[in-house]
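We name chains A, B, ... by the order of the sequence lines, and we start the count at 1 in each one.
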Number of protein chains: 2
Amino acid sequence: MPRPPTQRLTIRDIAQRAGVSESAVSLALNDRPGVSPATRERIRRLADQLGWRPSVAARALAGEGSATVGLVFARSISPLGVSSFFLQLMVGIQEALSHRGFGLLFQVVDGPDAECAAYRRMWAEHRVDGVLVVDPRLDDPRFEVLAELGLPAVVIGALTRSTNETEAESESDGGRLRVSQVWADDARAMAEIVDHLHELGHRRIVHIAGPAELAHTQRRVQSLRHEAERLGLVDARSIITDYSEDEGVAATVSVLAERVRPTAIVYDSDVQAVAALGAAAERRLSVPDDLSVVAWDDSVLCRSTRPRLAALVRDTVGFGRRAAEELLDLLDGGPAVTTEFDRPHLVPRGSIGPAPA
Amino acid sequence: MPRPPTQRLTIRDIAQRAGVSESAVSLALNDRPGVSPATRERIRRLADQLGWRPSVAARALAGEGSATVGLVFARSISPLGVSSFFLQLMVGIQEALSHRGFGLLFQVVDGPDAECAAYRRMWAEHRVDGVLVVDPRLDDPRFEVLAELGLPAVVIGALTRSTNETEAESESDGGRLRVSQVWADDARAMAEIVDHLHELGHRRIVHIAGPAELAHTQRRVQSLRHEAERLGLVDARSIITDYSEDEGVAATVSVLAERVRPTAIVYDSDVQAVAALGAAAERRLSVPDDLSVVAWDDSVLCRSTRPRLAALVRDTVGFGRRAAEELLDLLDGGPAVTTEFDRPHLVPRGSIGPAPA
DNA sequence: CTGAAAGCGCTTACAG
DNA sequence: CTGAAAGCGCTTACAG
């Protein structure tokens with residue numbers, strides 16, 4: 001025996017032990033007609049018992065796809081490790097995928113261009129059957145690439161500025177771009193926050209936002225502006241940052257130093273919101289008496305400060321799971337669809353209070 | 001043209017356009033002798049220009065391996081999203097892997113048994129050439145499986161309780177278990193913390209630890225005990241928790257309620273350390289005047305509290321990168337090695353002060 | 001309902 | 001230095 005147990009089992013081993021042909025085994029194991037129920041069962045049991053699993057490489061080569069989905073993350077866009085959002089998303093994605101025997105190929109790249117290159121490579125190397133796209137941007141170069149490759153994808157978050165257009169379907173080359181979307185209604189969520197603050201008497205609200213090129217940043221910014229007009233707020237504006245703690249603190253310090261300062265600040269990043277608590281304390285401002293603070297995306301961070309941070313809560317694991325399920329549907333030949341996932345909702349905690357007189 | 005640009009390029013396309021045989025292309029692209037420098041260059045340029053990439057499926061089937069590495073995470077062991085540690089590790093791993101054209105297959109499972117099953121499956125399906133193992137445990141069932149499969153692996157953190165034994169090499173079936181280790185000297189790091197606190201006058205130190213089954217928990221616990229004996233501390237003990245915020249707070253509340261309470265607490269989890277700040281505040285204890293607090297593994301959490309949390313800092317991205325590089329070496333046929341990565345070092349911040357009188 | 005054959009895209013001896 | 005052939009482990013028409 002050259003290398004006995006290491007040698008991986010093949011369909012041929014199963015066929016020999018079952019006393020049938022290789023194709024019979026293939027048919028039996030893939031639930032296709034052409035083999036009697038009795039032998040099908042026998043073959044199945046044998047395969048199970050021996051711990052046989054099809055070689056994905058062989059299946060991929062035979063045209064079955066790689067049973068793998070790609071996820072590429074550009075850390076220039078939203079810094080990894082900022083909150084648990086991304087990791088939770090991955091957990092959800094993983095759950096849905098492994099349920100169906102699919103693998104998740106994960107890659108971190110520097111920016112959008114590298115991300116496009118990564119898709120091309122994954123595709124050219126036959127590594128993935130489809131991809132999950134996060135952080136959709138305005139004028140996102142990735143969709144051209146996906147269209148060119150004919151690579152099925154699900155966008156997590158919405159593709160477009162207004163959630164009604166579905167670029168995916170309006171693509172001119174019809175049918176080649178197979179992109180589903182799973183989105184959350186950030187605009188309504190922002191409106192909910194603003195309304196809540198408005199009811200508490202707040203008229204000066206600042207939104208410390210993420211990067212301008214992100215589609216969801218735009219939706220939040222527009223929603224704030226819209227609500228501000230509707231409610232006649234004195235001051236309501238968004239300040240673009242790169243999600244970093246530093247820029248968040250800088251923006252916070254800057255607005256708190258204004259002659260008439262805001263009474264409430266909404267942060268797109270939980271890290272920034274937490275850091276802002278420190279900045280406010282240093283200015284001798286009490287949260288929530290002098291200043292109300294809200295963090296987008298709840299995390300353990302928000303719950304560990306005193307006061308605890310009011311935050312937008314959503315089922316991020318479920319979000320990821322749903323996105324992966326949509327991709328699997330697409331790979332099964334389903335149509336590209338746009339579905340809304342549960343809207344994030346505001347959980348008011350100690351950091352929100354009535355506006356100071 | 002049935003489906004023109006979607007059709008992926010093959011080695012045959014390159015061969016035709018270059019006017020050579022397929023094997024010539026293969027040899028040229030894989031840097032093997034048997035083709036003239038001129039044609040090699042020509043073939044290379046052509047492949048580059050056309051954007052050709054080898055099908056990993058085909059290569060894997062032809063015996064070249066899948067150029068993919070697996071990473072399985074059991075969330076029952078240390079909850080995901082607790083700190084940015086894991087994500088940073090992945091970023092580092094990714095960097096090293098993509099540098100060499102390797103992919104990272106990521107999977108989340110429920111516990112150790114599911115993790116073993118995941119390795120078996122990845123291996124049987126020809127999905128991975130090797131794996132990275134995190135959170136090594138005492139009596140870890142995973143290494144038996146790795147040995148049985150002959151699956152090369154790198155353990156992140158040390159395999160054994162005392163870092164001198166290298167089980168990897170002492171395996172009886174000699175050579176089949178190809179496991180390298182990259183470890184950090186947690187014992188020395190703990191000693192450093194204890195010494196620092198001791199110098200500040202602390203004699204009662206409590207360590208709120210992670211799960212007992214983790215090898216690094218044991219090393220920290222033992223180190224604390226050892227240092228306590230050496231320095232003659234009055235009270236020094238470790239309390240095992242599951243890393244959760246709840247158990248951390250419970251343990252904190254419990255020790256702070258004792259008649260003679262500790263003057264310093266070291267937390268294995270940054271989340272617990274931050275939460276403890278709240279618990280201390282509720283008991284009207286001032287940090288650091290009444291209580292010093294240290295968090296293992298620094299994170300943005302530790303820097304956003306007031307006072308900022310003293311923490312053990314290390315280059316987690318670099319740690320991941322190194323581990324991945326060790327695995328690549330192993331896959332290149334290198335020997336299994338045990339290497340130490342930079343020891344975490346204590347960064348004292350506002351949460352550490354002299355022991356109260 | 002079952003078996004023999006071809007092919008997926010590579011690599012690798014093996015002849016020329 | 002180059003070409004034709006076999007094989008990796010599957011799937012899928014195509015005969016029996």
Side-chain angles (χ1 to χ4, degrees), chain A residues 2-3 6-43 47 50-68 101 121-129, chain B residues 2-3 6-43 47 50-68 101 121-129:
Chain A
R3 31 177 180 158
T6 303
Q7 197 71 277
R8 285 172 275 198
L9 283 169
T10 73
I11 212 174
R12 158 181 251 148
D13 298 314
I14 309 292
Q16 284 181 343
R17 306 209 195 189
V20 296
S21 70
E22 293 182 31
S23 47
V25 175
S26 177
L27 295 175
L29 263 12
N30 288 304
D31 248 341
R32 287 196 213 290
V35 57
S36 72
T39 54
R40 181 185 302 274
E41 193 45 45
R42 190 159 53 88
I43 290 170
L50 295 172
W52 175 88
R53 299 251 65 207
S55 154
V56 282
R59 300 195 80 190
L61 209 51
E64 286 298 276
S66 57
T68 305
R121 220 173 64 103
M122 286 182 174
W123 177 247
E125 294 182 354
H126 282 67
R127 280 185 182 274
V128 298
D129 299 332
Chain B
R3 32 176 182 155
T6 303
Q7 197 68 278
R8 284 172 274 196
L9 283 168
T10 74
I11 211 173
R12 160 181 249 148
D13 298 314
I14 309 292
Q16 284 182 342
R17 306 210 196 190
V20 298
S21 70
E22 293 182 31
S23 47
V25 175
S26 177
L27 295 176
L29 264 12
N30 287 305
D31 249 341
R32 286 196 215 290
V35 57
S36 71
T39 54
R40 182 186 302 274
E41 192 46 43
R42 190 159 51 87
I43 290 169
L50 295 172
W52 174 87
R53 299 251 66 205
S55 155
V56 282
R59 299 194 82 190
L61 209 51
E64 286 298 276
S66 58
T68 306
R121 221 174 62 104
M122 285 181 174
W123 177 248
E125 293 182 355
H126 289 239
R127 281 185 182 274
V128 298
D129 299 332

Q: Can you tell which of dG3(C), dT2(D), dT2(C) lies closest to the side chain of V20(A)?
A: dG3(C)
Q: Would you please confirm or rule out a distance under 4.0 Å between OP1 or OP2 of dT2(C) and any side-chain N or O of T39(A)?
A: yes
Q: A47(B) and I14(B): which non-hydrogen atoms are nearest, and at how many Å?
A: CA-CD1, 4.0 Å
Q: Can you list everything that forms a side-chain hydrogen bond (donor to acceptor under 3.5 Å, both in side chains) with T68(B)? Sequence neighbours excluded, please.
A: R127(A)
Q: For nucleotides 10-16 of chain D, just jot down a letter per nucleotide in 5' to 3' order: B, S or -, based on protein non-hydrogen atoms under 4.0 Å.
A: BBB----
Q: At their closest point, which heavy atom of W52(B) faces which heavy atom of L9(B), and how far apart are they?
A: CD1-O, 3.5 Å
Q: In a table with atom names and distances, give each donor-acceptor pair under 3.5 Å that connects a side chain of residues 15-27 of chain B to protein atoms at least two apart or in another chain.
A:
unit_1, atom_1, unit_2, atom_2, d
S21(B), OG, S23(B), OG, 3.1
S21(B), OG, A24(B), N, 3.2

Q: Please name all residues satisfying salt bridge (charged side-chain N to carboxylate O under 4.0 Å, His left out) with R40(A), sequence neighbours left out, ordered by chain then number.
A: D31(A)
Q: Measure the distance from CG on D31(A) to P on dC1(C) and round it to the nearest whole Å.
A: 14 Å
Q: In whole angstrom, what separates R42(B)'s CZ from dT2(D)'s C1'?
A: 12 Å
Q: What pairs with A124(A) under side-chain contact (heavy atoms from CB on, under 4.5 Å), at least two apart in sequence or on another chain?
A: R53(B)
Q: If the condition is side-chain hydrogen bond (donor to acceptor under 3.5 Å, both in side chains), which residues does R42(A) pass it with, not counting sequence neighbours?
A: none
Q: Which heavy-atom pair separates D129(B) from G65(B) by the least distance, and what is that distance?
A: OD1-CA, 3.3 Å
Q: What base-paired stems does DNA chain D take part in, with at least 3 consecutive Watson-Crick or G-U wobble pairs and both distances under 3.5 Å?
A: C:1-3 with D:14-16, C:5-12 with D:5-12, C:14-16 with D:1-3
